[in-house]
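First up is the structure itself, then whatever we jot down about it.
Residue numbers count from 1 along this sequence.
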Amino acid sequence: MSAFMAFTKKELLQLTRTSKLAIILIIFVLFGIMNPALAKITPWLMEMTAESLEASGMTIEKVVVDDMTSWTQYYKNVPMEIIVFILMFAGIFTIEYQRGTLVNMITKGLTRGTVFASKSLVLSVLWTVGYWICYGITYGYNAYFWGNTNVKYPLIGAVYYYLYGIWLISLVVLFSSFCKTSTNVLLGVGGVYVLCLFAGMIKTVGQYLPTKLTDGFNLISGITGVSDYTKALVCTLIFSVVNFVTAKILMDKVNVIASV
């Protein structure tokens, strides 16, 4: 346990020194502020463009914004947050293989299991903190400006998207455990995502896929209910656990010397 704590502390210090921790937190904070801010200035933007559009023969009716407008923006921006997060941490293990630092860690007494658990935990915690900071800021501003009276299950919708992010992180860990470059990791994660998109076009299959959990806007707007996501939720949790376990097994089999 002492080795695990020491290595985890080292990982956090490295994130701080490379400014990745600050960058991720700033991005999530900015997105959290941006969601209600864009909704708030939408009427003003429409008024600014109204005259030029009227000259072209187009008329703009009065735009009414509320908490639903902001939450719509929230669900539009979460995919961008996920993309940035994955791009920044796709090489969580591959960078150790390329630099040969994993060999040094093992020779100094650290087990592969310790390295794997520590890096996976740091990645998951970083996503958790960043995601819920973004959600908290958006929820707080929406409650202040509009009262969050028009949305249903805002927290449950956010939890679903959060677990979808954990599933993607498990894919990053899985592919990073045996791939030699970050590019290969991104291709692997992207390939699985695209496969899920195509499979989701089949209604009977889509209800079991993690991508179903990204449909949070329909939940908060009352189009769907909480029970509509049960199958996808259970499968997402199972897939995530399987990915992490498989990644650990594959990492144990990687020839770190040959990978350098």
Side-chain angles (χ1 to χ4, degrees), residues 28 31 34-35 38-39 65-87 89-90 120 123-124 127-128 130-132 134-135 138-139 142 148-177 179 184-247 250:
F28 279 105
F31 273 113
M34 187 188 306
N35 300 321
L38 287 176
V65 299
D66 53 18
D67 51 342
M68 188 62 72
T69 309
S70 179
W71 284 115
T72 301
Q73 195 63 45
Y74 173 84
Y75 282 103
K76 287 181 178 178
N77 287 336
V78 173
M80 298 175 62
E81 299 165 19
I82 292 176
I83 290 173
V84 172
F85 192 90
I86 291 176
L87 287 174
F89 296 102
S120 299
L123 199 59
S124 299
W127 164 251
T128 300
Y131 179 87
W132 289 112
C134 179
Y135 171 82
T138 298
Y139 185 91
N142 289 353
N148 282 321
T149 56
N150 296 312
V151 296
K152 296 182 178 180
Y153 312 113
L155 179 59
I156 296 177
V159 169
Y160 286 165
Y161 224 127
Y162 164 75
L163 293 175
Y164 169 75
I166 291 293
W167 171 69
L168 286 175
I169 287 174
S170 73
L171 285 177
V172 170
V173 172
L174 173 61
F175 285 102
S176 188
S177 66
C179 290
N184 290 338
V185 175
L186 294 174
L187 289 174
V189 175
V192 174
Y193 171 74
V194 171
L195 182 63
C196 285
L197 284 183
F198 281 111
M201 295 179 182
I202 305 173
K203 188 174 181 179
T204 54
V205 177
Q207 60 184 332
Y208 293 94
L209 298 176
T211 46
K212 173 71 175 177
L213 299 183
T214 64
D215 196 21
F217 177 76
N218 285 338
L219 176 63
I220 66 173
S221 59
I223 298 175
T224 56
V226 175
S227 60
D228 294 326
Y229 301 85
T230 302
K231 295 176 182 177
L233 175 63
V234 173
C235 289
T236 299
L237 294 174
I238 293 174
F239 293 157
S240 299
V241 172
V242 170
N243 287 341
F244 279 118
V245 172
T246 304
L250 291 175

Worksheet entry | Neighbour count >12 (heavy atoms, 6.0 Å) for atom OH, Y162 | yes

Fill in: Nearest-0.5 Å distance, CG of residue D228 to CG of residue L233
12.5 Å

Practice prompt. Give the minimum heavy-atom separation between A232 and L209, together with the two atoms involved.
Written response: CB-O, 3.4 Å

Practice prompt. Supply the atom-to-atom distance I220 CD1 to F217 CZ, rounded to the nearest 0.5 angstrom.
Written response: 6.0 Å

Discussion item. Please find the pair of heavy atoms, one from M68 and one from V151, that lie closest to each other, and give the distance.
Written reply: CE-CG1, 3.7 Å

Worksheet item: Does W167 use its side chain to pair, donor to acceptor, with the backbone of N243 at less than 3.5 Å?
Response: no

Item to complete: Determine whether I83 and M80 make a side-chain contact, defined as any pair of heavy atoms from C-beta on separated by less than 4.5 Å.
Response: no

Item to complete: Please name the pair of heavy atoms, one in G206 and one in K212, separated by the smallest distance, quoted to 0.1 Å.
Response: O-CB, 3.6 Å

Fill in: Pairwise distance OG(S176) to CG(L171) - rounded to 0.5 angstrom
12.0 Å

Worksheet item: Less than 4.5 Å apart, any side-chain heavy atom of Y131 and any of V78?
Response: yes

Worksheet item: How far does OH of Y161 sit from CG of D215, to the nearest 0.5 angstrom?
Response: 9.5 Å

Item to complete: Would you check if there is a donor-acceptor pair between the side chains of D67 and N150 at a distance under 3.5 Å?
Response: yes

Worksheet item: How far apart are the C-alpha atoms of Y229 and Y160, what are their side-chain angles, what is the distance that settles it, and do they pass the ring-ring contact (aromatic ring centres under 6.0 Å, His included) test?
Response: CA-CA 8 Å; Y229 301 85; Y160 286 165; 5.2 Å; yes

Item to complete: Supply the atom-to-atom distance S124 OG to F244 CZ, rounded to the nearest 0.5 angstrom.
Response: 4.0 Å

Worksheet, complete the sentence: One should read off an interatomic distance between I166 CD1 and L123 CG, to the nearest 0.5 angstrom, of 8.5 Å

Practice prompt. Flag yes if more than 12 heavy atoms outside F28 fall under 6.0 Å of its CZ atom; otherwise flag no.
Written response: yes

Practice prompt. Could you tell me how the ring of W127 sits relative to the ring of F85: parallel (under 30°), tilted (30 to 60°) or perpendicular (over 60°)?
Written response: perpendicular

Discussion item. Against N35, only a single residue in T72, T69, T138 fulfils side-chain hydrogen bond (donor to acceptor under 3.5 Å, both in side chains); can you say which?
Written reply: T138

Fill in: Within-4.5 Å side-chain heavy-atom neighbours: W71 and N148
yes

